[in-house]
Amino acid sequence: MTIKCISSLILLVLPLILAYHTFAQPQIFDITTYGATPDTDISEALLNAWEDAIVSANESKIVIPQGTWMLSQAELAGPGLGPIEIENQGTVLANADPNSMPNPKAQWIAVNYVNSFTLSGHGVFDGQGALQAWATNDCNVNRNCSKLPINLSFNFMNNSVIQDVTSKDSKNFHINCLACMNVSFIRLTVVAPGDSPNTDGIHVARSTMVNIADSVIATGDDCVSMGDDLTQVYIHNVTCGPGHGISIGSLGRNLNERNISGIYVKNCSFIQTQNGVRIKTWPSAPATIILSNLHFENLIMQNASNPIIIDQQYCPWNLCNLTSPSLIEIRQVRIKNVKGTTSSSHAVKLSCSSAKPCDDVKIGDVDITSAKMEGTKLGFSLR
Ligand SMILES: *[C@@H]1O[C@H](CO)[C@@H](O)[C@H](O)[C@H]1NC(C)=O
Ligand SMILES: *[C@@H]1O[C@H](CO)[C@@H](O)[C@H](O)[C@H]1NC(C)=O
Ligand SMILES: *[C@@H]1O[C@H](CO)[C@@H](O)[C@H](O)[C@H]1NC(C)=O
Ligand SMILES: *[C@@H]1O[C@H](CO)[C@@H](O)[C@H](O)[C@H]1NC(C)=O
Ligand SMILES: *[C@@H]1O[C@H](CO)[C@@H](O)[C@H](O)[C@H]1NC(C)=O
Ligand SMILES: *[C@@H]1O[C@H](CO)[C@@H](O)[C@H](O)[C@H]1NC(C)=O
Ligand SMILES: *[C@@H]1O[C@H](CO)[C@@H](O)[C@H](O)[C@H]1NC(C)=O
Ligand SMILES: *[C@@H]1O[C@H](CO)[C@@H](O)[C@H](O)[C@H]1NC(C)=O
Ligand SMILES: *[C@@H]1O[C@H](CO)[C@@H](O)[C@H](O)[C@H]1NC(C)=O
Ligand SMILES: CC(=O)N[C@H]1CO[C@H](CO)[C@@H](O)[C@@H]1O
(Lines give C-alpha, C1' and ligand atoms only; values in the text may rest on other atoms or scores of the structure.)
(Ligands and ions follow the chains in the order given, each with its own letter.)
Protein backbone atom coordinates (compact mmCIF):
# COMPACT_ATOMS: atom_id res chain seq x y z
CA MET A 1 0.00 0.00 0.00
CA THR A 2 2.75 2.47 1.04
CA ILE A 3 5.00 1.45 -1.85
CA LYS A 4 2.16 1.85 -4.31
CA CYS A 5 1.45 5.26 -2.87
CA ILE A 6 5.07 6.44 -3.18
CA SER A 7 5.44 5.10 -6.70
CA SER A 8 2.27 6.84 -7.84
CA LEU A 9 3.60 10.01 -6.21
CA ILE A 10 6.81 9.65 -8.22
CA LEU A 11 4.76 9.05 -11.35
CA LEU A 12 2.86 12.23 -10.58
CA VAL A 13 5.89 14.40 -9.78
CA LEU A 14 8.31 13.20 -12.47
CA PRO A 15 6.44 14.70 -15.45
CA LEU A 16 6.23 17.99 -13.55
CA ILE A 17 10.02 18.00 -13.06
CA LEU A 18 10.54 17.13 -16.74
CA ALA A 19 8.09 19.78 -17.86
CA TYR A 20 9.82 22.37 -15.69
CA HIS A 21 13.17 21.28 -17.04
CA THR A 22 12.16 21.59 -20.70
CA PHE A 23 10.66 25.02 -19.98
CA ALA A 24 13.80 26.24 -18.23
CA GLN A 25 16.06 25.11 -21.07
CA PRO A 26 15.10 26.82 -24.29
CA GLN A 27 15.13 24.77 -27.42
CA ILE A 28 18.05 26.00 -29.56
CA PHE A 29 17.75 26.80 -33.25
CA ASP A 30 21.26 27.54 -34.50
CA ILE A 31 21.19 29.12 -37.95
CA THR A 32 24.21 27.05 -39.01
CA THR A 33 22.12 23.90 -38.66
CA TYR A 34 19.75 25.55 -41.14
CA GLY A 35 22.51 25.91 -43.72
CA ALA A 36 23.84 29.38 -42.88
CA THR A 37 27.45 29.84 -43.99
CA PRO A 38 29.62 32.95 -43.67
CA ASP A 39 29.78 33.80 -47.36
CA THR A 40 26.15 33.39 -48.36
CA ASP A 41 22.91 35.23 -47.60
CA ILE A 42 21.59 33.84 -44.30
CA SER A 43 18.03 35.12 -44.78
CA GLU A 44 16.63 31.72 -45.76
CA ALA A 45 18.35 29.94 -42.85
CA LEU A 46 17.10 32.57 -40.40
CA LEU A 47 13.57 32.39 -41.74
CA ASN A 48 13.54 28.59 -41.57
CA ALA A 49 14.83 28.66 -38.00
CA TRP A 50 12.12 31.22 -37.16
CA GLU A 51 9.38 29.07 -38.74
CA ASP A 52 10.44 26.16 -36.52
CA ALA A 53 10.73 28.35 -33.44
CA ILE A 54 7.27 29.87 -33.71
CA VAL A 55 5.55 26.51 -33.83
CA SER A 56 7.41 25.30 -30.76
CA ALA A 57 5.30 25.52 -27.64
CA ASN A 58 8.50 25.57 -25.61
CA GLU A 59 10.72 28.54 -25.05
CA SER A 60 12.96 28.75 -28.11
CA LYS A 61 16.20 30.50 -28.88
CA ILE A 62 17.52 31.22 -32.36
CA VAL A 63 21.29 31.64 -32.27
CA ILE A 64 23.35 33.65 -34.75
CA PRO A 65 26.84 32.49 -33.75
CA GLN A 66 30.04 34.55 -33.65
CA GLY A 67 31.35 35.51 -37.06
CA THR A 68 30.34 37.82 -39.87
CA TRP A 69 27.10 37.06 -41.66
CA MET A 70 25.38 38.56 -44.67
CA LEU A 71 21.65 39.06 -44.51
CA SER A 72 19.77 40.54 -47.47
CA GLN A 73 16.44 40.98 -45.67
CA ALA A 74 14.17 39.21 -43.20
CA GLU A 75 10.58 39.66 -42.16
CA LEU A 76 9.90 37.51 -39.13
CA ALA A 77 6.23 37.30 -38.29
CA GLY A 78 4.43 35.72 -35.37
CA PRO A 79 2.53 34.97 -33.41
CA GLY A 80 4.56 32.18 -31.89
CA LEU A 81 3.26 29.53 -29.54
CA GLY A 82 5.92 30.16 -26.88
CA PRO A 83 8.48 32.81 -25.94
CA ILE A 84 11.13 33.36 -28.64
CA GLU A 85 14.61 34.79 -28.32
CA ILE A 86 17.10 35.70 -31.03
CA GLU A 87 20.64 35.84 -29.72
CA ASN A 88 23.05 37.59 -32.05
CA GLN A 89 26.65 36.85 -31.10
CA GLY A 90 28.07 37.90 -34.47
CA THR A 91 28.09 40.77 -36.92
CA VAL A 92 25.19 40.77 -39.33
CA LEU A 93 25.81 42.84 -42.47
CA ALA A 94 23.20 44.22 -44.82
CA ASN A 95 23.75 44.58 -48.55
CA ALA A 96 25.45 47.88 -49.20
CA ASP A 97 23.18 48.65 -52.14
CA PRO A 98 19.59 49.21 -50.95
CA ASN A 99 18.31 48.29 -54.42
CA SER A 100 19.82 44.83 -54.15
CA MET A 101 17.52 44.00 -51.24
CA PRO A 102 14.73 41.63 -52.34
CA ASN A 103 12.19 44.30 -51.41
CA PRO A 104 13.92 47.71 -51.33
CA LYS A 105 10.78 49.37 -49.89
CA ALA A 106 10.54 47.06 -46.87
CA GLN A 107 12.62 47.08 -43.69
CA TRP A 108 15.90 45.27 -43.38
CA ILE A 109 14.95 43.09 -40.40
CA ALA A 110 11.38 43.27 -39.19
CA VAL A 111 9.86 41.35 -36.30
CA ASN A 112 6.08 41.63 -36.29
CA TYR A 113 3.12 40.30 -34.29
CA VAL A 114 4.96 38.62 -31.46
CA ASN A 115 4.44 38.32 -27.75
CA SER A 116 7.32 37.54 -25.34
CA PHE A 117 10.14 38.17 -27.78
CA THR A 118 13.75 38.87 -26.79
CA LEU A 119 16.56 40.13 -28.98
CA SER A 120 19.85 39.67 -27.16
CA GLY A 121 23.54 38.97 -27.52
CA HIS A 122 26.37 41.42 -27.89
CA GLY A 123 26.37 41.26 -31.67
CA VAL A 124 26.14 44.01 -34.24
CA PHE A 125 23.56 44.76 -36.91
CA ASP A 126 25.43 46.76 -39.51
CA GLY A 127 23.27 48.54 -42.08
CA GLN A 128 26.28 49.60 -44.15
CA GLY A 129 24.42 52.82 -44.93
CA ALA A 130 27.63 54.75 -45.48
CA LEU A 131 28.61 52.77 -48.56
CA GLN A 132 25.78 53.91 -50.84
CA ALA A 133 22.47 54.60 -49.18
CA TRP A 134 23.09 57.88 -47.34
CA ALA A 135 24.08 59.63 -50.57
CA THR A 136 20.52 59.07 -51.84
CA ASN A 137 18.71 59.78 -48.56
CA ASP A 138 17.23 63.27 -48.89
CA CYS A 139 14.13 62.77 -46.71
CA ASN A 140 15.31 65.67 -44.54
CA VAL A 141 14.80 68.11 -47.41
CA ASN A 142 12.38 66.27 -49.70
CA ARG A 143 8.91 65.35 -48.47
CA ASN A 144 8.49 63.03 -51.44
CA CYS A 145 11.75 61.18 -50.94
CA SER A 146 12.19 57.48 -51.65
CA LYS A 147 12.11 55.80 -48.25
CA LEU A 148 15.12 53.74 -47.34
CA PRO A 149 14.63 50.76 -45.06
CA ILE A 150 14.67 51.05 -41.28
CA ASN A 151 17.31 48.80 -39.83
CA LEU A 152 15.52 46.90 -37.11
CA SER A 153 11.77 47.24 -37.15
CA PHE A 154 9.54 45.96 -34.36
CA ASN A 155 5.80 46.19 -34.90
CA PHE A 156 2.72 44.88 -33.10
CA MET A 157 4.91 43.48 -30.39
CA ASN A 158 3.93 42.84 -26.75
CA ASN A 159 5.88 42.12 -23.56
CA SER A 160 9.26 42.03 -25.25
CA VAL A 161 12.85 43.07 -24.64
CA ILE A 162 15.52 44.25 -27.06
CA GLN A 163 18.83 44.27 -25.21
CA ASP A 164 22.62 44.49 -25.52
CA VAL A 165 22.84 44.59 -29.32
CA THR A 166 24.48 47.28 -31.43
CA SER A 167 22.88 48.88 -34.47
CA LYS A 168 25.38 50.58 -36.72
CA ASP A 169 25.16 52.79 -39.81
CA SER A 170 21.55 52.12 -40.70
CA LYS A 171 20.47 53.34 -44.12
CA ASN A 172 17.62 55.24 -42.46
CA PHE A 173 16.11 55.10 -38.91
CA HIS A 174 18.06 52.53 -36.89
CA ILE A 175 15.29 51.00 -34.80
CA ASN A 176 11.59 51.56 -34.75
CA CYS A 177 8.75 50.34 -32.61
CA LEU A 178 5.21 50.79 -33.88
CA ALA A 179 2.14 49.45 -32.10
CA CYS A 180 4.24 48.04 -29.30
CA MET A 181 2.91 47.30 -25.84
CA ASN A 182 5.28 46.84 -22.90
CA VAL A 183 8.51 46.70 -24.88
CA SER A 184 11.91 47.57 -23.37
CA PHE A 185 15.07 48.65 -25.13
CA ILE A 186 17.93 48.13 -22.70
CA ARG A 187 21.71 48.55 -22.94
CA LEU A 188 21.66 49.28 -26.66
CA THR A 189 24.41 50.92 -28.62
CA VAL A 190 23.44 52.87 -31.72
CA VAL A 191 26.23 54.34 -33.79
CA ALA A 192 26.30 56.38 -36.97
CA PRO A 193 28.26 59.53 -37.88
CA GLY A 194 26.92 62.91 -36.79
CA ASP A 195 26.37 63.94 -40.41
CA SER A 196 24.48 60.84 -41.62
CA PRO A 197 20.98 61.80 -42.85
CA ASN A 198 17.77 60.65 -41.10
CA THR A 199 19.52 58.00 -39.06
CA ASP A 200 17.27 58.43 -35.99
CA GLY A 201 18.32 56.08 -33.18
CA ILE A 202 15.03 54.74 -31.88
CA HIS A 203 11.66 55.86 -33.20
CA VAL A 204 8.52 54.93 -31.29
CA ALA A 205 4.89 55.64 -32.14
CA ARG A 206 1.41 54.26 -31.55
CA SER A 207 2.63 52.39 -28.50
CA THR A 208 2.13 52.11 -24.79
CA MET A 209 4.59 51.21 -22.02
CA VAL A 210 7.88 51.61 -23.83
CA ASN A 211 11.14 51.72 -21.85
CA ILE A 212 14.41 52.90 -23.30
CA ALA A 213 17.19 52.65 -20.75
CA ASP A 214 20.92 52.42 -20.13
CA SER A 215 21.79 53.03 -23.77
CA VAL A 216 24.31 55.03 -25.75
CA ILE A 217 23.08 56.61 -28.96
CA ALA A 218 25.34 58.52 -31.34
CA THR A 219 23.78 59.41 -34.65
CA GLY A 220 23.03 62.03 -37.31
CA ASP A 221 19.43 62.72 -36.36
CA ASP A 222 17.25 62.36 -33.25
CA CYS A 223 18.65 59.90 -30.69
CA VAL A 224 15.08 59.04 -29.76
CA SER A 225 12.11 60.35 -31.72
CA MET A 226 8.51 59.95 -30.68
CA GLY A 227 5.60 59.96 -33.09
CA ASP A 228 1.92 60.20 -32.17
CA ASP A 229 -0.36 58.00 -30.06
CA LEU A 230 1.95 57.24 -27.16
CA THR A 231 1.35 56.67 -23.48
CA GLN A 232 3.79 55.75 -20.72
CA VAL A 233 7.15 56.16 -22.40
CA TYR A 234 10.09 56.02 -19.98
CA ILE A 235 13.52 57.07 -21.24
CA HIS A 236 16.15 56.67 -18.53
CA ASN A 237 19.93 56.87 -18.50
CA VAL A 238 20.41 57.44 -22.22
CA THR A 239 23.56 59.17 -23.42
CA CYS A 240 22.88 61.05 -26.64
CA GLY A 241 25.49 62.60 -28.89
CA PRO A 242 26.25 63.44 -31.52
CA GLY A 243 22.65 63.75 -32.64
CA HIS A 244 19.60 66.00 -32.57
CA GLY A 245 18.51 65.08 -29.04
CA ILE A 246 15.39 63.36 -27.71
CA SER A 247 12.33 64.62 -29.58
CA ILE A 248 8.58 64.47 -29.39
CA GLY A 249 7.43 65.06 -32.95
CA SER A 250 7.45 66.39 -35.44
CA LEU A 251 3.66 66.31 -35.21
CA GLY A 252 0.73 67.94 -36.92
CA ARG A 253 1.02 67.02 -40.54
CA ASN A 254 -1.31 64.05 -40.45
CA LEU A 255 -4.97 64.64 -39.64
CA ASN A 256 -5.33 61.16 -38.17
CA GLU A 257 -2.73 61.68 -35.45
CA ARG A 258 -3.66 60.82 -31.88
CA ASN A 259 -2.77 62.27 -28.46
CA ILE A 260 0.41 61.74 -26.50
CA SER A 261 0.40 61.51 -22.72
CA GLY A 262 2.95 60.43 -20.14
CA ILE A 263 6.48 60.86 -21.46
CA TYR A 264 9.28 60.66 -18.86
CA VAL A 265 12.83 61.56 -19.88
CA LYS A 266 15.06 61.20 -16.83
CA ASN A 267 18.77 60.98 -16.00
CA CYS A 268 19.92 61.51 -19.58
CA SER A 269 23.04 63.22 -20.95
CA PHE A 270 23.38 65.19 -24.15
CA ILE A 271 26.90 65.58 -25.48
CA GLN A 272 27.52 68.05 -28.34
CA THR A 273 23.95 67.62 -29.59
CA GLN A 274 21.84 69.99 -31.65
CA ASN A 275 19.10 69.80 -29.00
CA GLY A 276 18.58 68.32 -25.58
CA VAL A 277 14.88 67.63 -25.28
CA ARG A 278 12.64 69.02 -27.98
CA ILE A 279 8.93 69.13 -28.79
CA LYS A 280 8.26 70.06 -32.39
CA THR A 281 4.97 70.66 -34.18
CA TRP A 282 4.29 71.94 -37.69
CA PRO A 283 2.44 75.16 -38.37
CA SER A 284 -0.17 75.21 -41.16
CA ALA A 285 -0.91 71.58 -40.38
CA PRO A 286 -4.27 69.95 -39.77
CA ALA A 287 -3.84 67.84 -36.61
CA THR A 288 -5.44 69.18 -33.39
CA ILE A 289 -4.15 66.70 -30.84
CA ILE A 290 -3.05 67.23 -27.23
CA LEU A 291 0.42 66.47 -25.85
CA SER A 292 0.25 66.28 -22.07
CA ASN A 293 2.04 65.10 -18.97
CA LEU A 294 5.57 65.51 -20.31
CA HIS A 295 8.43 65.21 -17.80
CA PHE A 296 12.07 66.12 -18.37
CA GLU A 297 14.17 65.65 -15.26
CA ASN A 298 17.81 65.31 -14.15
CA LEU A 299 19.38 66.12 -17.50
CA ILE A 300 22.98 67.01 -18.21
CA MET A 301 23.88 69.12 -21.23
CA GLN A 302 27.40 69.31 -22.61
CA ASN A 303 27.41 72.08 -25.22
CA ALA A 304 23.93 71.23 -26.54
CA SER A 305 22.70 73.96 -28.91
CA ASN A 306 19.11 74.03 -27.58
CA PRO A 307 19.04 72.35 -24.16
CA ILE A 308 15.23 72.58 -23.83
CA ILE A 309 13.10 73.65 -26.76
CA ILE A 310 9.38 73.68 -27.50
CA ASP A 311 9.16 74.59 -31.17
CA GLN A 312 5.62 74.94 -32.50
CA GLN A 313 6.90 76.66 -35.60
CA TYR A 314 8.93 73.70 -36.75
CA CYS A 315 9.33 74.28 -40.44
CA PRO A 316 12.66 73.07 -41.79
CA TRP A 317 13.61 74.20 -45.28
CA ASN A 318 10.43 76.29 -45.47
CA LEU A 319 8.23 73.34 -46.30
CA CYS A 320 5.25 75.04 -44.64
CA ASN A 321 3.39 78.29 -44.20
CA LEU A 322 4.26 80.05 -40.96
CA THR A 323 1.22 82.35 -41.09
CA SER A 324 -1.14 79.64 -39.82
CA PRO A 325 -0.11 78.49 -36.33
CA SER A 326 0.14 74.91 -35.12
CA LEU A 327 -3.15 73.59 -33.71
CA ILE A 328 -1.48 71.17 -31.32
CA GLU A 329 -1.94 71.83 -27.63
CA ILE A 330 0.91 71.24 -25.19
CA ARG A 331 0.07 71.04 -21.50
CA GLN A 332 1.39 69.80 -18.16
CA VAL A 333 5.09 70.05 -18.90
CA ARG A 334 7.55 69.58 -16.04
CA ILE A 335 11.20 70.50 -16.52
CA LYS A 336 13.40 69.99 -13.46
CA ASN A 337 17.11 69.88 -12.68
CA VAL A 338 18.79 70.58 -16.02
CA LYS A 339 22.49 71.40 -15.78
CA GLY A 340 25.46 71.99 -18.05
CA THR A 341 26.47 74.11 -21.01
CA THR A 342 25.08 75.28 -24.33
CA SER A 343 26.57 76.73 -27.50
CA SER A 344 23.55 79.05 -27.89
CA SER A 345 22.45 82.07 -25.88
CA HIS A 346 19.50 80.45 -24.09
CA ALA A 347 18.86 77.57 -21.72
CA VAL A 348 15.18 77.17 -22.48
CA LYS A 349 13.40 78.23 -25.65
CA LEU A 350 9.62 78.21 -25.73
CA SER A 351 8.03 78.97 -29.06
CA CYS A 352 4.42 78.02 -28.38
CA SER A 353 1.47 78.19 -30.75
CA SER A 354 -0.45 81.47 -30.87
CA ALA A 355 -3.61 79.47 -31.53
CA LYS A 356 -3.11 77.01 -28.65
CA PRO A 357 -0.76 78.56 -26.09
CA CYS A 358 1.22 76.09 -23.96
CA ASP A 359 -0.60 75.50 -20.69
CA ASP A 360 0.75 74.57 -17.25
CA VAL A 361 4.48 74.50 -17.96
CA LYS A 362 6.59 74.33 -14.79
CA ILE A 363 10.33 74.83 -15.01
CA GLY A 364 12.64 74.64 -12.01
CA ASP A 365 16.31 74.28 -11.16
CA VAL A 366 17.75 74.99 -14.59
CA ASP A 367 21.45 75.81 -14.41
CA ILE A 368 22.89 76.21 -17.89
CA THR A 369 25.95 78.28 -18.72
CA SER A 370 27.40 79.42 -22.01
CA ALA A 371 30.05 77.13 -23.50
CA LYS A 372 31.51 80.16 -25.31
CA MET A 373 31.56 82.64 -22.43
CA GLU A 374 32.51 80.54 -19.45
CA GLY A 375 30.44 81.11 -16.34
CA THR A 376 27.72 83.15 -18.07
CA LYS A 377 24.43 81.81 -16.76
CA LEU A 378 21.68 81.73 -19.39
CA GLY A 379 17.94 82.12 -19.17
CA PHE A 380 14.83 81.78 -21.30
CA SER A 381 13.86 82.73 -24.79
CA LEU A 382 10.11 83.18 -25.19
CA ARG A 383 8.46 84.08 -28.44
C1 LIG B 1 8.59 20.75 -25.53
O2 LIG B 1 8.05 20.58 -24.25
C3 LIG B 1 7.24 19.43 -24.12
C4 LIG B 1 6.67 19.37 -22.72
O5 LIG B 1 6.47 20.64 -22.22
C6 LIG B 1 8.07 18.20 -24.39
O7 LIG B 1 7.25 17.05 -24.33
C8 LIG B 1 8.73 18.29 -25.73
O9 LIG B 1 9.61 17.22 -25.93
C10 LIG B 1 9.50 19.59 -25.86
N11 LIG B 1 10.00 19.68 -27.19
C12 LIG B 1 11.25 19.92 -27.44
C13 LIG B 1 11.62 19.91 -28.88
O14 LIG B 1 12.08 20.15 -26.57
C1 LIG C 1 -0.80 42.35 -28.06
O2 LIG C 1 -1.74 42.84 -27.15
C3 LIG C 1 -2.90 43.35 -27.79
C4 LIG C 1 -3.76 44.00 -26.73
O5 LIG C 1 -3.94 43.17 -25.65
C6 LIG C 1 -3.62 42.20 -28.48
O7 LIG C 1 -4.76 42.69 -29.14
C8 LIG C 1 -2.67 41.59 -29.50
O9 LIG C 1 -3.27 40.46 -30.09
C10 LIG C 1 -1.37 41.17 -28.84
N11 LIG C 1 -0.45 40.75 -29.86
C12 LIG C 1 0.24 39.62 -29.80
C13 LIG C 1 1.13 39.34 -30.97
O14 LIG C 1 0.18 38.86 -28.87
C1 LIG D 1 6.74 61.74 -55.75
O2 LIG D 1 7.65 60.84 -56.36
C3 LIG D 1 7.03 59.90 -57.22
C4 LIG D 1 8.06 58.94 -57.77
O5 LIG D 1 9.25 59.02 -57.07
C6 LIG D 1 6.35 60.64 -58.37
O7 LIG D 1 5.69 59.72 -59.20
C8 LIG D 1 5.35 61.63 -57.81
O9 LIG D 1 4.80 62.40 -58.86
C10 LIG D 1 6.02 62.56 -56.82
N11 LIG D 1 5.00 63.39 -56.17
C12 LIG D 1 5.18 64.68 -55.94
C13 LIG D 1 4.07 65.39 -55.25
O14 LIG D 1 6.20 65.25 -56.27
C1 LIG E 1 6.15 43.40 -19.54
O2 LIG E 1 6.95 42.47 -20.24
C3 LIG E 1 7.86 41.76 -19.42
C4 LIG E 1 8.66 40.84 -20.31
O5 LIG E 1 9.39 41.56 -21.17
C6 LIG E 1 7.10 40.97 -18.38
O7 LIG E 1 8.04 40.34 -17.52
C8 LIG E 1 6.22 41.90 -17.58
O9 LIG E 1 5.43 41.16 -16.70
C10 LIG E 1 5.31 42.69 -18.50
N11 LIG E 1 4.57 43.67 -17.74
C12 LIG E 1 3.25 43.76 -17.82
C13 LIG E 1 2.63 44.84 -16.98
O14 LIG E 1 2.59 43.05 -18.53
C1 LIG F 1 23.68 53.87 -17.45
O2 LIG F 1 23.96 53.28 -18.71
C3 LIG F 1 25.32 53.00 -18.89
C4 LIG F 1 25.53 52.58 -20.32
O5 LIG F 1 24.77 51.48 -20.64
C6 LIG F 1 25.75 51.96 -17.88
O7 LIG F 1 27.12 51.68 -18.04
C8 LIG F 1 25.47 52.47 -16.48
O9 LIG F 1 25.74 51.48 -15.56
C10 LIG F 1 24.03 52.90 -16.34
N11 LIG F 1 23.82 53.57 -15.06
C12 LIG F 1 22.94 53.17 -14.18
C13 LIG F 1 22.83 53.97 -12.95
O14 LIG F 1 22.24 52.18 -14.37
C1 LIG G 1 -7.22 63.89 -27.08
O2 LIG G 1 -7.53 64.17 -25.75
C3 LIG G 1 -8.68 65.00 -25.62
C4 LIG G 1 -8.81 65.39 -24.16
O5 LIG G 1 -8.62 64.30 -23.34
C6 LIG G 1 -9.89 64.24 -26.12
O7 LIG G 1 -11.05 65.04 -26.02
C8 LIG G 1 -9.65 63.88 -27.58
O9 LIG G 1 -10.71 63.09 -28.06
C10 LIG G 1 -8.35 63.12 -27.73
N11 LIG G 1 -8.07 62.96 -29.16
C12 LIG G 1 -7.83 61.80 -29.72
C13 LIG G 1 -7.59 61.81 -31.17
O14 LIG G 1 -7.79 60.76 -29.08
C1 LIG H 1 18.18 59.13 -11.52
O2 LIG H 1 19.36 59.37 -10.78
C3 LIG H 1 19.09 59.62 -9.41
C4 LIG H 1 20.36 60.06 -8.74
O5 LIG H 1 21.49 59.58 -9.39
C6 LIG H 1 18.53 58.36 -8.81
O7 LIG H 1 18.25 58.57 -7.44
C8 LIG H 1 17.23 58.00 -9.53
O9 LIG H 1 16.74 56.78 -9.06
C10 LIG H 1 17.46 57.90 -11.01
N11 LIG H 1 16.17 57.79 -11.65
C12 LIG H 1 15.92 56.96 -12.63
C13 LIG H 1 14.54 56.92 -13.12
O14 LIG H 1 16.78 56.25 -13.11
C1 LIG I 1 -0.05 81.23 -46.05
O2 LIG I 1 -1.36 81.15 -45.49
C3 LIG I 1 -2.03 82.40 -45.55
C4 LIG I 1 -3.33 82.26 -44.77
O5 LIG I 1 -3.88 81.00 -44.93
C6 LIG I 1 -2.23 82.76 -47.01
O7 LIG I 1 -2.90 84.01 -47.10
C8 LIG I 1 -0.88 82.86 -47.70
O9 LIG I 1 -1.06 83.10 -49.10
C10 LIG I 1 -0.11 81.58 -47.52
N11 LIG I 1 1.24 81.74 -48.02
C12 LIG I 1 1.84 80.83 -48.76
C13 LIG I 1 3.24 81.15 -49.18
O14 LIG I 1 1.32 79.79 -49.09
C1 LIG J 1 30.07 73.69 -29.04
O2 LIG J 1 29.31 73.34 -30.17
C3 LIG J 1 29.52 74.19 -31.28
C4 LIG J 1 28.61 73.74 -32.40
O5 LIG J 1 27.31 73.59 -31.95
C6 LIG J 1 30.96 74.11 -31.72
O7 LIG J 1 31.17 75.02 -32.77
C8 LIG J 1 31.86 74.46 -30.55
O9 LIG J 1 33.21 74.24 -30.92
C10 LIG J 1 31.54 73.59 -29.35
N11 LIG J 1 32.29 74.08 -28.20
C12 LIG J 1 32.89 73.27 -27.34
C13 LIG J 1 33.57 73.94 -26.20
O14 LIG J 1 32.89 72.06 -27.46
C1 LIG K 1 16.53 49.40 -41.01
C2 LIG K 1 17.55 49.58 -41.90
O3 LIG K 1 17.51 50.37 -42.75
N4 LIG K 1 18.45 48.95 -41.66
C5 LIG K 1 19.40 49.08 -42.45
C6 LIG K 1 20.32 48.52 -41.57
O7 LIG K 1 21.27 48.32 -42.39
C8 LIG K 1 20.98 47.48 -43.47
C9 LIG K 1 22.14 47.34 -44.21
O10 LIG K 1 22.24 48.43 -44.97
C11 LIG K 1 20.11 48.08 -44.39
O12 LIG K 1 19.81 47.24 -45.48
C13 LIG K 1 18.99 48.30 -43.64
O14 LIG K 1 18.19 48.94 -44.47
Side-chain angles (χ1 to χ4, degrees), residues 50 53-55 57 59-60 75-85 110-119 153-162 177-187 204-216 224 227-240 246 248-249 251-270 277 281 285-301 326-340 353 356 358-360 365:
W50 177 265
I54 61 170
V55 297
E59 194 179 344
S60 50
E75 184 183 340
L76 307 174
L81 291 176
I84 303 180
E85 177 170 351
V111 184
N112 301 330
Y113 304 102
V114 285
N115 186 24
S116 298
F117 171 79
T118 304
L119 177 64
S153 186
F154 305 102
N155 308 287
F156 303 95
M157 180 178 268
N158 299 344
N159 306 313
S160 296
V161 185
I162 313 301
C177 186
L178 295 185
C180 289
M181 211 176 83
N182 183 27
V183 175
S184 296
F185 296 86
I186 310 169
R187 297 185 302 270
V204 296
R206 278 175 263 148
S207 296
T208 187
M209 285 175 73
V210 175
N211 299 298
I212 300 173
D214 303 335
S215 295
V216 178
V224 177
D228 75 308
D229 198 6
L230 290 171
T231 53
Q232 296 180 64
V233 176
Y234 303 92
I235 302 173
H236 293 162
N237 187 28
V238 169
T239 300
C240 168
I246 294 180
I248 298 174
L251 291 163
R253 286 205 290 186
N254 174 356
L255 188 55
N256 299 319
E257 283 175 1
R258 306 181 69 165
N259 293 341
I260 289 181
S261 178
I263 309 289
Y264 301 81
V265 180
K266 294 193 181 178
N267 295 14
C268 293
S269 303
F270 299 84
V277 288
T281 74
T288 58
I289 55 170
I290 299 172
L291 318 182
S292 64
N293 207 4
L294 314 174
H295 300 252
F296 308 107
E297 241 177 72
N298 305 344
L299 308 178
I300 295 171
M301 305 288 157
S326 166
L327 301 175
I328 291 182
E329 191 175 334
I330 297 173
R331 53 161 97 133
Q332 293 151 334
V333 182
R334 300 289 176 267
I335 298 167
K336 209 161 85 183
N337 189 22
V338 183
K339 296 192 159 49
S353 166
K356 300 271 183 183
C358 299
D359 186 28
D360 188 12
D365 202 5

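Counting starts at 1 for both ligands and their atoms, in listed order.
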With sequence neighbours excluded, residues passing salt bridge (charged side-chain N to carboxylate O under 4.0 Å, His left out) with Arg334: Asp360

Contacts of Arg258 that satisfy salt bridge (charged side-chain N to carboxylate O under 4.0 Å, His left out) - sequence neighbours left out: none

Set of side chain to side chain donor-acceptor pair (under 3.5 Å) partners for Asp214, sequence neighbours left out: Asn237

Protein residues having a heavy atom less than 4.0 Å from any atom of ligand 6: Asn259, Ile290

Asn158 N/O under 3.5 Å from ligand 2 N/O: yes

Side-chain touch Glu257/Leu251, heavy atoms, less than 4.5 angstrom: yes

Over 12 non-hydrogen atoms of neighbours within 6.0 angstrom of NZ in Lys336: no

Heavy-atom side-chain proximity of Val204 to Leu230 below 4.5 angstrom: yes

Mutual orientation of the aromatic rings belonging to Tyr264 and Tyr234 [parallel < 30°, tilted 30-60°, perpendicular > 60°]: parallel

Atom indices of ligand 2, in the order listed, that fall short of 4.0 Å to a heavy atom of Asn115: 14 (O)

Atom indices of ligand 2, in the order listed, that fall short of 4.0 Å to a heavy atom of Val114: 13 (C)

Residue pair Asn115 / Asn158, side-chain donor-acceptor N/O under 3.5 Å: no

Distance-only N or O hit between ligand 7 and Asn298, under 3.5 Å: no

Where ligand 7 meets His236 - atom numbers and elements under 4.0 angstrom, heavy-atom basis: 13 (C)

